[in-house]
Amino acid sequence: MDYLTIALLVVVIVLTAAIAFFAFRYRKRTYGKDGREGVTTDKGLKRRLFAFSRKQLCIPYGVFLALFVVFPLFLILYNAFTDRSGHISFDNFILFFSTPSTITNLFMSLLIAFVTTAVCILIAYPLAYILSRMKASRGYILVMLFVMPMWINFVLRAMALRELLDLFGWLGEYNFLNTIIGMVYDFLPFMILPLYSTLIKMDRSLEEAAADLGAGRTRTFVKVTLPLSVPGIISGAMMVFLPTMSCYVISETFGGGKIPLIGKLIEEQFLAADNWHYGSAIAIIMLIIMFITMLVTGGFKSENVRGGASL
Amino acid sequence: MTRKIISYAFLVFVLIFVYAPILLLVIYSFTPSTIIGKWDGFSLSLYGELFTNARVRTMIINTVVLALLAAGLSTILGTIGAIGIFYSRGKLGKVVKGASNINVINAEIVIGVSLALLFSFLTFNRTYFSLLLGHLALITPFVVLSVTPKLKQMDPSLYEAALDLGATPTKALFKVIIPEIMSGIVSGFMLAITLSLDDYIITSFTKPIGFDTISTYAYNAVKNQAKSDLPALRALSAIIFLIAVIVVIIMNIRASRKEKTK
């Protein structure tokens with residue numbers, strides 16, 4: 001057994017003990033909203049040990065998140081602001097912003113993400129609009145048809161598209177264009193789903209009302225349909241824009257190594273260059289960009305993000 | 001009328017864009033040629049290679065086992081977590097919910113790097129467990145996201161009624177709440193499987209040396225242009241495509257049956 005196995009066992013034991021402790025300690029807590037006493041109060045030790053109120057169920061998950069999500073993020077923060085000897089330093093950030101190639105890299109990532117998002121909206125919006133106007137059952141089947149490739153491993157899908165572009169003789173010729181095509185191919189379903197679900201849920205009587213009041217087709221679309229579908233556009237854009245910036249698998253597959261994304265830069269610091277402090281600093285910069293994007297778009301709806309894949 | 005023609009033409013155009021690459025792979029999975037575009041006669045040898053080539057076989061089994069294991073564990077952890085978050089109105093629930101949403105929006109590269117730092121901080125070697133933990137950290141929040149809406153739709157008086165009728169909270173949980181949110185749990189499990197199967201970045205940061213999943217194997221083959229590794233992947237893609245088609249058809253049939261019974 002290695003350390004990790006032992007540590008896992010320890011975590012499991014501690015968790016079980018913690019749950020048992022809380023269950024025992026709070027056994028007299030009420031369960032109902034009306035202040036009724038719990039029914040397990042007087043039913044033997046075994047019962048009492050395993051009795052719990054429902055909200056205590058979030059403790060194991062909370063501990064898991066604290067250990068494997070929140071704490072690791074603090075490790076990134078710590079590494080970003082220290083140097084190899086462990087002293088606090090801002091050198092990593094200074095290095096990033098004083099190297100012309102990394103600045104180019106950052107802007108290239110933003111450009112790729114922006115263009116990909118725009119192209120995805122331009123393709124997915126009319127598509128989702130047409131599908132949402134069809135008979136519900138047929139529209140649903142067609143939506144499934146458009147998002148089904150999502151079920152195929154994305155590296156294999158990228159490989160397929162790469163072979164096709166190779167057949168056209170584009171590979172190595174148009175690195176930027178190929179990268180955009182690859183990104184759009186990968187992320188298009190994530191734009192179609194939220195747009196379709198927004199458009200299909202839309203109250204159609206509003207459009208009819210606009211038409212009754214004398215608005216033409218274009219005017220109805222611009223003044224009614226489009227504004228009402230903005231939430232779908234935003235959540236789709238979030239699902240495309242943020243992952244695109246760091247999705248170096250696609251840019252490496254299609255860009256011939258000539259389209260460096262910020263994600264690739266981070267990976268290099270960790271795997272090849274072995275400068276984890278610098279890599280952490282770049283990760284922090286990426287987190288800041290993500291944070292700004294979310295502020296600009298007004299946060300995110302947790303129901304829509306990638307979970308849309310479960311349609 | 002012209003509007004209709006234009007919209008159908010547009011649909012067909014996008015469908016071709018989406019399916020042309022996949023069909024190209026499917027067609028060329030029936031020939032042993034090393035490069036696409038050169039037809040070496042019909043043969044099923046690439047499909048045979050999936051079973052005979054030990055490296056390919058191992059990485060396929062690795063991927064499937066990992067996905068099932070990670071999805072199973074994350075479904076248990078995520079379902080319990082979602083119930084806990086939903087019923088805790090206080091600070092605790094809010095904090096856990098917030099922490100849960102971090103990895104939903106976080107870039108995979110940042111998750112991968114943070115886990116690499118964690119394992120090095122704890123001086124753990126990268127093992128199967130670190131890989132499994134990495135996948136759990138990525139996919140469990142999505143299980144929570146698919147279970148939560150079902151909890152919101154549930155009639156809260158059902159649980160109270162079970163308690164009034166003498167069920168213990170544990171019994172009420174398993175007999176009332178879990179069956180009510182089962183559809184959310186199932187779709188969470190499916191989503192977890194697809195996310196685990198699809199992951200490249202977190203796998204590459206947490207996997208033990210010499211361990212390959214479909215993603216890492218294919219990425220290395222594409223990146224290094226390993227002419228001997230690429231052809232078998234065409235057959236693999238074709239099989240995965242076939243499975244996807246079957247799953248989607250079954251889901252559609254089940255959905256339409258449900259509608260009919262309603």
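Sequence lines set the chain letters: A, B, ... in the order given, protein chains first and strands last, and positions in each chain run from 1.
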Heavy-atom pairs under 4.5 Å with chain B: which of [options] has the most?
{"options": "A:Val70, A:Asn79, A:Leu242", "value": "A:Asn79"}
{"options": "A:Ser246, A:Gly279, A:Ala283", "value": "A:Ser246"}
{"options": "A:Tyr78, A:Phe74, A:Tyr185, A:Phe154", "value": "A:Tyr185"}

Tell me, side chain or backbone of [X] under 4.5 Å from chain A's heavy atoms, or both, or neither?
{"X": "B:Tyr28", "result": "neither"}
{"X": "B:Tyr217", "result": "neither"}
{"X": "B:Ile177", "result": "side chain"}
{"X": "B:Val95", "result": "neither"}
{"X": "B:Tyr200", "result": "both"}
{"X": "B:Phe121", "result": "side chain"}
{"X": "B:Ile102", "result": "side chain"}
{"X": "B:Leu117", "result": "both"}
{"X": "B:Thr63", "result": "neither"}

Worksheet entry | A:Leu167 versus chain B, the contacting section by heavy-atom distance below 4.5 Å |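 For A:Leu167, side-chain heavy atoms alone lie under 4.5 Å from chain B.
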Worksheet entry | Flag for A:Tyr61-B:Thr140: side-chain donor and acceptor within less than 3.5 Å |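 No donor-acceptor contact under 3.5 Å links the two side chains.
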Worksheet item: Quick one: side-chain contact (heavy atoms from CB on, under 4.5 Å) partners of B:Thr203, sequence neighbours excluded?
Response: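 So B:Thr203 forms a side-chain contact (heavy atoms from CB on, under 4.5 Å) with B:Leu131, B:His135, B:Asp199, B:Lys207, B:Thr213, B:Thr216.
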Worksheet item: For A:Pro149, what residues pass the side-chain contact (heavy atoms from CB on, under 4.5 Å) criterion, not counting sequence neighbours?
Response: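 Expected list: A:Arg157, B:Val18, B:Tyr19, B:Ile22.
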Sub-4.5 Å side-chain heavy-atom contact between [X] and [Y]:
{"X": "A:Leu156", "Y": "B:Leu25", "answer": "no"}
{"X": "B:Leu136", "Y": "A:Phe64", "answer": "yes"}
{"X": "B:Ser237", "Y": "A:Met159", "answer": "yes"}

Practice prompt. Write down the atom of A:Ile152, the atom of B:Ile240, and the distance for their closest heavy-atom approach.
Written response: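 Closest heavy-atom pair between A:Ile152 and B:Ile240: CA-CG2, 4.0 Å.
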Item to complete: Return yes if some donor-acceptor pair links the side-chain N/O of A:Asn153 with the main-chain N/O of B:Leu197 below 3.5 Å, else return no.
Response: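 Looks like yes, one N/O pair under 3.5 Å.
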